[in-house]
Amino acid sequence: MHLNAFLMGVGHHEAAWRHPLTDSGRITDIRHYEELARIAERGKLDSLFLADGLALRGEVTHNALGALEPLTLLSALATVTEHIGLIATVSTTYNEPFHVARKFASLDHISGGRAGWNIVTSAGESEARNFGLERPAHSVRYHRAEEFLEVANALWESWGDGAVVNDRVNGIYADKSSIGPINHDGQHFKVEGPLNIQRSPQGRPLLVQAGSSEDGKEFAARFAEAVFTAQQTLEDAQEFYADLKRRLPAYGRSPYDLKILPGVSPIIGSTEREALQLEKELEDLIIPAYGLRQLSHILGADLTGYPLDGPLPPLPPNPDGQQSRIKLVRDLAEREGLTLRGLIARLAGGRGHRVLAGTPEQIADELQEWYQNGAADGFNIMPPHLPGGLADFVDLVVPELQVRGLFRTEYDGRTLRERYGLSLAGVS
Ligand SMILES: Cc1cc2nc3c(=O)[nH]c(=O)nc-3n(C[C@H](O)[C@H](O)[C@H](O)COP(=O)(O)O)c2cc1C
């Protein structure tokens, strides 16, 4: 089983910053993240992951995405950790491949082969406005992302394995024949190359992706080595898992070349009652008006003014928004007959990801069930409050998974790609 720690401010629960278990003054404090990284490494987790957005989203609060810029933060964390993978979110819509390829090669060098890239296409309209642009259509964003990856991969390949000779006696630093231009000339990019940094330990970062629309799944099948996803029920997760794995052979890849990690926010108590009590405490701190704005943001539709105790109103079509998440929220509201207030509470824990409240054994049972029934290769762990929620997971749930033989007890392999049981072959 693979476990990734998804870090966000002082926790994933929308109201975490108001709970006495957290100190929301630490959101831009590097020591907070150092502590989180050390806890995750103590638990032998595969990787850390930082989400990012290129605009201040929704309400100004602790989990407005991207408090600290991920590549900068992970470069700092690389120096205080030894084993854990470091996955940064970077957009293909508002960046250039040369910059991005260079930055990930740098992080991979700094961390000794532990860099990962969560490739996103940036669904928010406000993000486009920070670059003087209109949000490109969904299909255009994914088309650009494909070409972006073709260029980035070519740049990472532009230095051969043995290019740096470092022959000080004969004065030959590099074998120029193993370093060459890429001469890419496409619809979105024109890049000569080669990259201006030597090949990194992994050659390229672990490629991670999180879009679940048709375009998103096709993109993942072609490029991604790990996929984050939000799934609420075992059946939906199994369907997504099978669907995505089925798409791999068309790209010359095997189902083992891609790991699927649904998100889980574990609310842990020493008894079930204690866990439910903590869940209730967090729920009582939700500010409904804020939740409504967050919900409006997810759905891309303004819900302010609708009665909180009424149903989710019919939504206008939003083909360029986050398709998979919009569907998940609509299905959830319908399946559970939720009012807007109920929906806000259900989403406060994990914005659509699964929330599990229970004892360490109960949480391990749930993870085991999904893992052993074709729904997951591992999980994206989203602690409701930080650092305590991560420490509880590492100290209470991880040992339970280890006793059951489901999770490693020691780190093996050197690179992040090895940690996920992957080789470099098979990504086009
Ligand atoms: C666990 C997870 C993390 C994500 N992190 C980010 C992020 O940091 N930044 C971002 O712009 N989108 C993020 N997304 C959104 C996806 O990249 C994608 O845009 C979204 O799921 C909609 O894609 P789709 O239209 O293909 O379904 C995340 C999604 C998931 C499931």
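Computation of the quantities below employed the complete heavy-atom set of this structure, encompassing side-chain atoms and omitting hydrogens, waters and symmetry-equivalent molecules. Both counts, for ligands and for their atoms, begin at 1 and track the order of listing.
Looking at ligand 1, you'll find an N or O of Ala210 within less than 3.5 Å of one of its N or O atoms. Of the polar atoms of Ser213, at least one N or O is found under 3.5 Å from an N or O of ligand 1, judged by distance alone. Here's the thing with His138: one of its N/O atoms is less than 3.5 angstrom from an N/O atom of ligand 1. Between Arg325 and ligand 1, not a single N/O pair is under 3.5 Å apart. Considering backbone and side-chain atoms alike, Asp52 places an N or O below 3.5 Å from some N or O of ligand 1. The shortest N or O to N or O distance between Thr229 and ligand 1 is not below 3.5 Å.
Between atom NE2 of residue His297 and atom CZ of residue Arg325 there is a gap of 10.0 Å, rounded to the nearest 0.5 Å. Annotation: the span from Leu386 atom CG to Phe6 atom CZ amounts to 10.5 Å, rounded to 0.5 Å. In this structure, CD on Glu279 lies 12.5 Å from CD1 on Ile268, to the nearest 0.5 angstrom. Atom CG of Asp412 is separated from atom CZ of Arg408 by 6.0 Å, given to the nearest 0.5 angstrom. Between the NE2 atom of His12 and the CG atom of Leu282 there is a distance of 13.0 Å, given to the nearest 0.5 Å. Taken to the nearest 0.5 Å, the CD1 atom of Ile381 stands 8.5 Å off from the CG atom of Leu356.
No option in Trp370, Tyr241, Tyr420, Tyr371 other than Tyr241 meets the side chain to side chain donor-acceptor pair (under 3.5 Å) test with Asp377. The one candidate from Arg38, Arg114, Glu34 that meets the side chain to side chain donor-acceptor pair (under 3.5 Å) condition with Thr81 is Arg114.
Using a 4.0 angstrom heavy-atom cutoff, Phe219 does not count as in contact with ligand 1. Contact between Gly263 and ligand 1 is absent, with no heavy atom of the residue lying under 4.0 Å from the ligand. Under a 4.0 angstrom heavy-atom cut-off, His353 registers as being in contact with ligand 1.
Close approach of ligand 1 to Phe228 is summarised as follows: ligand atoms under 4.0 Å from at least one heavy atom of the residue are 1 (C), 31 (C). Near Tyr142, with a cut-off below 4.0 Å to any heavy atom, the atoms of ligand 1 are 23 (O), 24 (P), 26 (O). The Asn380 neighbourhood of ligand 1 comprises atoms 1 (C), with distances under 4.0 Å to a heavy atom of that residue.
With a heavy-atom cut-off of 4.0 Å, Asp215 does not touch ligand 1 at all. The part of Thr89 lying near ligand 1 is the side chain, judged by heavy-atom distances below 4.0 Å. Counting heavy atoms under 4.0 Å from ligand 1, residue Glu127 does not touch it at all.
No side-chain donor from either of Thr89 and Asp52 sits under 3.5 Å from a side-chain acceptor of the other.
For atom 13 (C) of ligand 1, the nearest non-hydrogen atom from the set Val90, Leu54, Val120 belongs to Val120.
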Starting from the C-alpha separation in whole Å, work towards a yes-or-no answer on side-chain hydrogen bond (donor to acceptor under 3.5 Å, both in side chains) for Ser122 and Ser91.
CA-CA 6 Å; Ser122 302; Ser91 168; 2.7 Å; yes
